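Here is the structure we will look at, set down as structure tokens.
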Amino acid sequence: MDYREEMKYLRDYLNEQSYLYYVLDAPVIPDYEYDRLNRRLEELEAEHPEEITADSPTQRVGDKVLEGFASYAHDVPLESLQDVFNAAEVAEFGEKIDAALGADVEYSVEPKVDGLSVALEYRNGVFYRGATRGDGRVGEDVTENLRTIYSIPMTLPDQLPRLIVRGEVYMSRTVFEEINTLRELQGKPLLANPRNAAAGSLRQLDPKLCAERKLDIQIFNLQLAEGKTFTSHDDTLEYLASQRFKMIPHKTLKGIAAVQAEIDRINDERMDYPFDIDGAVVKVNNLTDREKLGSTAKFPKWAVAFKYPPEKKPSRIVDIVVQVGRTGVLTPKAVLEPVRLAGTTVTNATLHNQDYIAEKDIRIGDTVIVQKAGEIIPEILEVDFSKRPEGTVPYILPQTCPVCGAAVFRDEDGAALRCTGAECPAQLLRNLTHFASRDAMDIEHLGPAVVQQLVENDLIRNAADLYSLKAEDVAKLDRMGAKSAQNLILAIEKSKNNDLSKLIYGLGIRQVGEKAAKVLAAHFRTLDALMAASAEELTEINDVGAITAQCIVDFLAQPQSQDLIHRLVEAGVNTESTAQLIDDRFAGMTFVLTGTLERFDRKTAEAMIQDRGGKASGSVSKKTTYVVAGEAAGSKLKKAQELGIPVLSEDEFAAMLQ
């Protein structure tokens, strides 16, 4: 076949496989085969860009970063529904419908997905654009981000002139947990809940960032179908399913009593869905009846949304255990007598931190009221002090790590307690990921996924073990192979020659960031000299305060830290500063970079300042010597002008460097 035929075959075949995988959950080919064929299509499209079509799977993630979202006026308003909160209100809704239409009315009942409502528009069977609900009449055009959702078809079997459907974008619980696990390893703030995560992801200006969040969608309504007529909501959903949309599960029932039973069933089974739900939606099924019933100024009269209240139940705290997270945070958990909540059996609840425990005066043996926060995480609302047994004592978190025995410290900016152990097993994944990161030891090919496999296969127990890995052992890991394993070993070997500053930062000393590590390496020149320094000597260094100095001394005094450093030295890791100052023309000067620099990237410019004895700061103050302002400089430039600090253009800054 010629290249046009091959490209069409690949597009059709890959789109069919996406439908089987993302909509029907019934894949027939392995991921490797899909990726191989997708790569072939990319190669053909690179050779023949004039043949690229909108339905190509390669076009789901665009390269263009958006500047903002344009407004989108909905031709068919995305109405909100009136909320009902109990069986009496559901019965009242049914009575009004019966009075208007007669008995035995058919209803459609479906779970209410807790996500972000969107409209998808197709023209001649091709995805044209999509938008958020907004206020129901005007939303935001998020077409490029919606393209990244693989369960949204790019083309439809029927080529209607125009079709608009409504759905709910969500993040599955599984993906939510995966992303938070990775963010915890990277030391980033955790996402609050799947709904907020989905909404935030869909409004990313870079579609590639949206694609990384693996969003999904459930279609629940037909808004417009030019050239087609339907008699019932059921008919519209069946038609949309035939067009390969991922449809919301629903049931059609007669009578409001059956509707209430279905609402209760959905509530009992809500944790069986892959997505969060916050209620059930009840709609009159017949479309002619809907027209007869009409709408109020705010809501359609033919539908309501039943909102499930957070379920609260009493339980007793049997024990309080402390877990150490991957970032070293000590998290207390209450062990509860089993209690059924939101469809699952709850046996523990997070107690967050010492402040939370003290505020509520939570003790072992207390009877407490428990609910699921956001229907996911069990939490204690309050203590029933009337049932407190005699002899209970206030609970105090331990002052040493329950996993490794190292001392713990309290965050200066929060209530969390953290373990200081350099070799704490609980922190192994996070510590190794940080050690290998670009700004630290910069070990290429050693990302979080590979680190996790190395740990799970008991190949490494601390950073020093990296330097005794063998290629044949690494090659046995998933998706590695001999060539990838050898590349990783070479990257690890190369990291031995890094400057001391990268090792200092890689050790993960509290309060010591990348810049502070460079300052320490430049001042002490060897790791031995740094380890021998007192807190007083450290505070004499520019940019090292009393708190940072004490953190350094405490870390280097820990037996775990000394053992790790000893093993790194034995492995041949460089412990001396190889960086040399070009000159000291910027000695005693502080520069602040702001705006978009065209001639330098930010890190390169900061390195040039430091190589000439200066300091690069992130904030403007009276101590700032110069501000270097690029395009679109904002508040930092304004503050510099207010303080009378000299402002340099890029050309002037470049002249100072020469």
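Since this is a predicted model, take the numbers as computed values, not measurements. We use all heavy atoms of the structure for the numbers below, so side chains are in, but hydrogens, waters and symmetry mates are not.
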On a heavy-atom basis, which atom in [X] and which in [Y] lie closest, and how many Å separate them?
X	Y	value
Pro402	Leu330	CD-CD2, 4.0 Å
Leu432	Val451	CB-CG1, 3.7 Å
Arg602	Gly595	NH2-O, 2.9 Å

Does Tyr170 have Arg195 sitting over its ring (NZ/CZ under 6.0 Å from centre, angle to axis within 45°)?
no
When you measure from the side chain of [X] to the backbone of [Y], do you find a donor-acceptor pair of N or O atoms at a distance under 3.5 Å?
X	Y	result
Gln453	Asp478	yes
Lys333	Val321	no
Lys494	Asp442	no
Asn462	Ala464	yes
Arg203	Ala199	no
Asn498	Ser495	yes
Thr400	Gly405	no
Lys518	Gly513	no
Gln427	Gly325	no
Thr132	Glu140	yes

Would you say that [X] contacts [Y] through its side chain, given a criterion of any heavy-atom pair below 4.5 Å between the two side chains?
X	Y	result
His445	Val450	no
Asp55	Asn15	yes
Leu120	Ile219	yes
Leu488	Leu446	yes
Lys515	Gln610	yes
Arg418	Arg510	no
Ser577	Thr526	no
Val403	Cys419	no

Between Tyr122 and Phe245, what is the ring plane arrangement, given parallel below 30°, perpendicular above 60°, and tilted in between?
perpendicular
Please check if the number of heavy atoms outside [X] that lie under 6.0 Å from its [atom1] is greater than 12.
X	atom1	answer
Glu570	CD	yes
Lys476	NZ	no
Arg39	CZ	no

Could you go through the side-chain contact (heavy atoms from CB on, under 4.5 Å) check for Leu146 and Leu202 one step at a time?
CA-CA 7 Å; Leu146 288 168; Leu202 196 60; 3.8 Å; yes
What distance separates [X] [atom1] from [Y] [atom2], expressed to the nearest 0.5 Å?
X	Y	atom1	atom2	result
Arg430	Thr433	CZ	OG1	9.0 Å
Tyr150	Lys214	OH	NZ	11.5 Å
Asn353	Thr331	CG	OG1	8.5 Å
Leu14	Glu16	CG	CD	10.5 Å
Tyr467	Leu568	OH	CG	6.5 Å
Arg244	Leu20	CZ	CG	7.0 Å

Ile217 and Val118: side-chain contact (heavy atoms from CB on, under 4.5 Å), yes or no, with the steps?
CA-CA 9 Å; Ile217 193 169; Val118 298; 3.9 Å; yes
Check whether the side chains of [X] and [Y] place a donor and an acceptor atom closer than 3.5 Å, and report yes or no.
X	Y	value
Thr148	Asn145	no
His566	Gln562	no
Ser437	Asp439	no

SB check [X] [Y] (cutoff 4.0 Å):
X	Y	answer
Glu423	Arg461	no
Arg567	Asp465	yes
Lys246	Asp216	yes
Asp12	Lys8	yes

Only one of Glu45, Glu51, Glu42, Arg11 passes side chain to side chain donor-acceptor pair (under 3.5 Å) with Ser56, and that residue is Glu45
Stepwise salt bridge (Lys or Arg N to Asp or Glu O under 4.0 Å) check, Arg40 with Glu6
CA-CA 10 Å; Arg40 174 58 181 160; Glu6 185 179 2; 2.9 Å; yes
Check against side-chain contact (heavy atoms from CB on, under 4.5 Å), Phe220 and Ser117:
CA-CA 10 Å; Phe220 61 82; Ser117 192; 4.2 Å; yes
Val573 and Met441: side-chain contact (heavy atoms from CB on, under 4.5 Å), yes or no, with the steps?
CA-CA 10 Å; Val573 175; Met441 294 299 279; 4.0 Å; yes
Could you go through Arg213 and Ser201, starting from their C-alpha distance and side-chain angles, then the distance that decides it, and tell me whether this counts as side-chain hydrogen bond (donor to acceptor under 3.5 Å, both in side chains)?
CA-CA 7 Å; Arg213 297 294 179 85; Ser201 301; 2.8 Å; yes
